[in-house]
Amino acid sequence: MKDSLLTGTRIRPAPENHLGEDVIQEARRRFMGGALMAGAAAMAAPAVAASAESLDIPEWTRQLGPGVGTHPYGMPSRYEANVQRRESPGLTRTKQSSVSFTPLQSLFGIVTPSGLHFERYHAGLPDIDPAEHRLAIHGLVEQPRLYTMDDLLRLPSESRFHFVECGANTAMEWGNSAVPTVQYTHGMLSCSEYTGVPLKLLLEESGYDRKLGKYLLAEGSDGAALTRTIGIDAALDDAMVVYAQNGEMLRPEQGYPLRLLVPGVQGISQVKWLRRLEVGDMPWNTREESLQYADFMPDGRYRQYTWIQEAKSVITTPSGGQVIMDKGYHQITGLAWSGRGRITRVDVSTDGGRNWREATLQAPVMSKCLTRFRCDWNWDGGPALLQSRAIDETGYVQPQMKQLREVRGTRSIYHNNAIQTWKVAEDGVVTNVQVS
Ligand SMILES: Nc1nc2c(c(=O)[nH]1)N[C@H]1C(S)=C(S)[C@@H](COP(=O)(O)O)O[C@H]1N2
Ligand SMILES: [Mo]
């Protein structure tokens, strides 16, 4: 299969996002066979000087293209066919319970195209007729309510950009991981514009019990009937019942026709195919918050309800599986986010955390949303260890893996927000490593 846009440019993505032996060999040949100098010289003038030949009229300009009426819903160019969600080869999965990862290394800006949003489901995808779907609000309320989709679409709406990250994102890095690419280390992360109804409005309409109503139970109508407890503070703050994503109705994978969005909170609480919200006075302690998504602490205790996704960042280019084809100028770029608000600063290191430089943050920088950062870099051809470190508006600094292990021990699965290291070898091959 053809590589995407970046083929033949200065940083080469690995086909299928796995480092193919052919790509490594090609990089080595370039470096060892003296091609480096020629390559570097050619690259020094970025846009190839215009020649008579390069101004020849290409074939596609000499004819009419096919009619556009043949594409009622658009698809990416066929040359981008390699940019796909993928299931991690290292994870156990079934047809009904799986996860596919977002190709972060291939994306630009902060928005994840809907067709590339990661998907995590515990009991397959329900096929829900929106005309028959209902949302119930009940429990400690004066007036239980049953909403149709039409009812919800008539209510005042809001649109906001937020990330969704699975609490198990980057889980493999708790071990001494060999996960090859950023798609698999960090790809249970996506960002969209969501449209829906503020949950506060629905709760007020139902007359929820302001004294005793401290928690909500959210339940999905998939075969997993997935349930999570939501604190009333988050529900009244910025939570939404959403039906649209990136300008269109939710995709089936993302919970069509209705999902809960609790910004900044781990993915499991973003209950898809949402069918009911029950107001209660205690946490429910469901399977998804007792058996799963809890943290084994080093003292033997089991930490529950750690649901905010703390500040985190990762460099997406250059990243594992890519090959840097020549020395000289490269832009280091990546993503930063925090479940507690805005990102205020991202630092980048090329020497494994000894020296740091402040990266440029791309506007807009929004709360509980992905932020794109960039940093100029002149690669001298020597070995390098690339890291990024995010700081959020609370002053929280993303920890080194070592610092995180000091607090959390080695038995954790969830909530790994440690600094990621990519090693650049002298032949330009980029791999996933951990530094102590
Ligand atoms: N009803 C329901 N909601 C669900 C799930 C599910 O299996 N069923 N998976 C959860 C998990 S673990 C995550 S990480 C997010 C992922 O959202 P996405 O599939 O839109 O990326 O959905 C959550 N909501
Ligand atoms: Mo998840």
Side-chain angles (χ1 to χ4, degrees), residues 85-88 91-104 107 111-128 133 135-136 162-172 183-184 186-194 196 216-230 239-246 248-277 286-295 306-309 312 337 339 370 412-417:
R85 292 192 277 231
R86 292 194 175 84
E87 293 184 309
S88 171
L91 286 181
T92 37
R93 58 186 186 265
T94 65
K95 258 189 149 164
Q96 266 73 38
S97 177
S98 192
V99 55
S100 66
F101 295 71
T102 294
L104 298 173
L107 302 185
V111 172
T112 311
S114 297
L116 294 173
H117 194 290
F118 83 99
E119 15 167 27
R120 173 77 181 104
Y121 46 92
H122 293 74
L125 299 185
D127 179 13
I128 300 177
H133 189 70
L135 171 68
H162 289 296
F163 72 83
V164 171
E165 183 185 22
C166 177
N169 199 24
T170 324
M172 303 290 278
Q183 180 160 15
Y184 299 133
H186 290 74
M188 282 195 274
L189 168 76
S190 299
C191 183
S192 308
E193 186 199 49
Y194 290 101
L216 289 183
L217 183 76
E219 185 180 285
S221 62
D222 51 335
L226 184 123
T227 42
R228 278 288 304 194
T229 302
I230 313 294
M240 290 200 277
V241 164
V242 308
Y243 42 76
Q245 180 181 355
N246 296 334
E248 60 183 357
M249 289 296 284
L250 289 168
R251 296 286 173 96
E253 307 92 291
Q254 265 63 58
Y256 182 89
L258 196 66
R259 101 178 287 171
L260 181 64
L261 187 76
V262 193
V265 166
Q266 65 179 343
I268 187 80
S269 298
Q270 323 294 333
V271 176
K272 302 192 276 189
W273 313 295
L274 182 68
R275 65 181 289 261
R276 70 181 183 102
L277 292 164
T286 72
R287 174 184 174 278
E288 304 301 340
E289 48 210 19
S290 49
L291 267 178
Q292 308 291 338
Y293 297 92
D295 301 316
T306 39
W307 69 341
I308 306 274
Q309 297 295 103
K312 185 168 169 180
W337 62 102
L370 295 189
S412 273
I413 299 171
Y414 304 102
H415 308 124
N416 182 347
N417 68 323

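When a ligand or atom number is given, it counts from 1 through the structure's own listing order. Note that the numbering runs from 1 along the sequence shown for the chain. For clarity, every value in this text was computed on a predicted model and none was experimentally measured. All values below come from the heavy atoms of this structure, side chains included, with hydrogens, waters and symmetry mates left out.
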### Query
Which ligand 1 atoms are under 4.0 Å away from a heavy-atom of Y121?
7 (O)
### ligand 1 versus F118: contacting region, heavy-atom distance under 4.0 Å
both
### Task
Can you pull out the closest protein heavy atom to atom 10 (C) of ligand 1? Residue, atom name and distance to 0.1 Å, please.
I268 CA, 3.8 Å
### Task
Provide, to 0.1 Å, the distance between atom 15 (C) of ligand 1 and the closest protein heavy atom, together with that atom's residue and name.
G267 O, 3.3 Å
### Query
For ligand 1, is any non-hydrogen atom under 4.0 Å from D222's backbone (N, CA, C, O), its side chain (CB onward), both, or neither?
side chain
### Query
Hey, which atoms in ligand 1 end up nearer than 4.0 Å to a heavy atom of G220?
1 (N)
### Query
Taking the side chain from T286 and the backbone from T227, do they hold a donor-acceptor pair closer than 3.5 Å?
yes
#### Entry: Heteroatom distance test (S221, ligand 1): nitrogen or oxygen, under 3.5 angstrom
no
### Query
ligand 1 versus H117, non-hydrogen atoms closer than 4.0 Å: side chain, backbone, both, neither?
side chain
### Task
I would like to know whether Y414 and T306 meet side-chain contact (heavy atoms from CB on, under 4.5 Å); could you show each step before the answer?
CA-CA 9 Å; Y414 304 102; T306 39; over 6 Å; no
### Option among Q309, H415, K312 that satisfies the side chain to side chain contact (heavy atoms under 4.5 Å, CB included) test with N169
K312
### Query
For atom 11 (C) of ligand 1, which candidate among E288, E219, R120 provides the closest heavy atom?
R120
### Task
Rounded to the nearest 0.5 Å, what's the gap from CE on M249 to OH on Y256? Could you check?
5.0 Å
### Task
Identify which of R259, E165, Q270 has a heavy atom lying nearest to atom 20 (O) of ligand 1.
R259
### Message
Residue-level breakdown please: for A224 versus ligand 1, do any non-hydrogen atoms fall below 4.0 Å on the side chain, on the backbone, on both, or on neither?
### Response
neither
### Task
Would you mind checking which non-hydrogen protein atom is closest to atom 7 (O) of ligand 1, with the distance to 0.1 Å?
H122 ND1, 2.6 Å
### Which residue and heavy atom of the protein sit nearest atom 3 (N) of ligand 1, plus the separation
K272 N, 2.9 Å
## Note on the structure
Separation between CE (M240) and CD (Q270), nearest 0.5 Å, reads 10.5 Å
### Summary
One finds that the ligand 1 atoms under 4.0 Å from a non-hydrogen atom of C166 are 14 (S)
### Task
Measure the spacing between OH of Y121 and NZ of K95 and express it to the nearest 0.5 Å.
9.5 Å
### Task
Answer whether the closest heavy-atom distance between the side chains of F118 and V164 falls below 4.5 Å.
yes
### Query
With a 4.0 Å heavy-atom cut-off (strictly under), which part of F101 contacts ligand 1: side chain, backbone, both or neither?
neither
### Message
Any carboxylate oxygen within less than 4.0 angstrom of a Lys/Arg side-chain nitrogen, looking at R251 and E119?
### Response
no
### Task
Taking the side chain as every heavy atom from C-beta outward, state whether E288 and L226 have any atom pair closer than 4.5 Å.
yes
### Message
Using every non-hydrogen atom in the two residues, find where F163 and G264 come nearest and quote the distance to one decimal.
### Response
CZ-CA, 4.0 Å
### Task
For atom 12 (S) of ligand 1, grab the closest protein heavy atom and report residue, atom and distance to one decimal in Å.
Y293 OH, 3.0 Å
